[in-house]
2 protein chains.
Amino acid sequence: MTDARPYTYVLDRLKSAGLRPTRQRLALAKLLLETDDRHVTAEQLHCEASDSGIKVSLATVYNTLHQFTKADLLREVVVESGRAYFDTNTDEHYHIFHQDTGELCDIPDHALSTLALPEPPAGTEIDRIDVIVRVKSKT
Amino acid sequence: MTDARPYTYVLDRLKSAGLRPTRQRLALAKLLLETDDRHVTAEQLHCEASDSGIKVSLATVYNTLHQFTKADLLREVVVESGRAYFDTNTDEHYHIFHQDTGELCDIPDHALSTLALPEPPAGTEIDRIDVIVRVKSKT
DNA sequence: GTGTTTGCAAAGTGTTTGCAATTTA
DNA sequence: TAAATTGCAAACACTTTGCAAACAC
C-alpha cells in the first residue's frame, strides 16, 4: 500500500495521459491519486475540493472524472442506478458494496481467476467483468 | 425453458404476492411473466404495454416494477448508472451485458459456485452477489 | 496568440412523489 | 363503501452541454 505519493508522481501521470496540469485538474488528481484505493462520487470529490480550498465547479469535476476514466487513471464502477462511483484502482479486482452506508471498497485478494469465464456471444469480446458483493448490516 | 405460461399462472403469482390483480398490474405481469427471462427497463415495458393497447402511465410502470421487485417477482440489475433493468429471473445467476446495444441477458449455466466468497466485513452479511460480464462488438 | 479548459446556468435524463379521481374487493 | 390503485404533473437527483471568459503553453 503506497501512501502519500509525491507531487511529481501525480504530475507525471497527468502528463503521460496527455492532460494539461491545470490548476483544477491537478488539484483533483492530487486528491484522487496521492493515496491508493479511493472510491468517490462526483459530489464527494467536489466537496473535498471545496474543503481543501480549491474552487472547482461540479461540472468540471464531472468532466475531469470522465477524462481521467478515458485516460485509464480511473475506472467507473456502477453499483447504484443514479450514482456513479469512480475507483482509482484500475487493476482487475472486485468490490464490496455496503448497501446501508453506500460505502464501496476493493477486495484486493480476489477470486476472479477461479471464475469460469463464459464464451462471449458471437461477434463480441469480453471488455471487463464486474463483481459486486452486496452486504448489509446484520439484523 | 417454459414459454407461454397460462393466464392463471400469472394471476396466481400476483395473488400469492398479495397484489391485487388490477387491470394495469395484470397486463404488466402478463408481459413480464408469461415467458421466461425477460430483462426490461421501465421505458421498454411502458412501450410494450402501449403497443399492446394497454393504457398505463409511466409512473405506474415504475411503481409496479418496484412492487414486483419487493414481492420477489423481479430482481433489479444495475448495469448502467442512470438506467434500471429488471430481470424476471430471480434465481442466483449472472449476466452478460452488451455495451453497444444495451442488451442484457442471463448466463444460466453460471460459475458462481466456483467463486470463493470473501468474508463480509464485521457486522455485515452478504445480501447478494452481482456478476456482470461486459462485452463489446469485436473491432 | 492559439487552442484548451473552465464556470455557469440551462437543459437533459431517468425516476419518484403528492394528490385527486378511479377502481377493486 | 372502504381501501387500494392509478394518472398526471410537478419535483427530484444526477449528469451533460453550450458558450463566453480565463488559462496554459
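A note on names: the letters A, B, ... follow the listed sequences, proteins ahead of strands, and every chain is numbered from 1. Quick caveat, the model's predicted, so the values are computed rather than measured.
Expressed to the nearest 0.5 Å, how far CD of B:E76 lies from OG1 of B:T90 amounts to 14.0 Å. The OG1 atom of B:T69 sits 4.5 Å away from atom CG of B:L74, with the distance rounded to the nearest 0.5 Å. The distance from atom CD of A:E119 to atom CD1 of B:I96, rounded to the nearest 0.5 Å, is 9.5 Å.
Ion pairing between a basic and an acidic side chain is recognised when a charged N comes within 4.0 Å of a carboxylate O; B:D127 and A:K136 show such pairing. A salt bridge links B:D36 to B:R5: at least one charged side-chain nitrogen sits closer than 4.0 Å to a carboxylate oxygen. Ion pair B:R38/B:E48 flagged as a salt bridge, since at least one NZ, NE, NH1 or NH2 atom sits closer than 4.0 Å to an Asp/Glu carboxylate oxygen.
Separating the CG atom of A:L14 from the C1' atom of C:dT5 is a distance of 13 Å, rounded to the nearest angstrom. Going from atom OH of B:Y85 over to atom P of C:dG14 covers 10 Å, rounded to whole Å. Nucleotide C:dA21 holds its P atom 16 Å from the NZ atom of B:K55, rounded to whole Å. With rounding to whole Å, B:N63 atom CG is found 15 Å from C:dC19 atom P.
Side chains of B:S52 and B:K30 form no contact here, defined as non-hydrogen atoms less than 4.5 Å apart.
Both A:G82 and B:Q67 lie near DNA chain D, and the one whose nearest nucleotide falls closer to the 5' end is B:Q67. In terms of position along DNA chain D, the nucleotide closest to B:T60 lies nearer the 5' end than the nucleotide closest to the other residue of the pair B:T60 and A:L58. Comparing B:F86 and A:L19 by the nucleotide of DNA chain C that holds the closest heavy atom to each, the one mapping nearer the 5' end is A:L19.
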Please write out the pairs of protein N or O atoms and N or O atoms of nucleotides 23-25 of chain C separated by less than 3.5 Å, giving the distance to one decimal.
| from | atom 1 | to | atom 2 | distance (Å) |
| --- | --- | --- | --- | --- |
| C:dT24 | O2 | B:R20 | NH1 | 3.4 |

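One axis for each end of the helix from C:dG1-D:dC25 to C:dA25-D:dT1, each built from five base pairs, and the angle between them comes to 30° at 10° resolution.
Although no hydrogens or angles enter the test, the distance criterion places a donor-acceptor pair under 3.5 Å between the side chain of B:T88 and the main chain of B:D37.
In the displayed structure, B:E125 atom CD is contacted under 6.0 Å by more than 12 heavy atoms of other residues, nucleotides or ligands.
Nearest heavy atoms, A:A17 versus A:L73: CB-CD1, 4.3 Å. Closest approach of A:L19 to A:A71, counting heavy atoms only: CD1-CB, 4.3 Å.
Between chain A and DNA chain D, the heavy-atom contact criterion of under 4.0 Å yields a 5' to 3' nucleotide range of D:dC14 to D:dC25.
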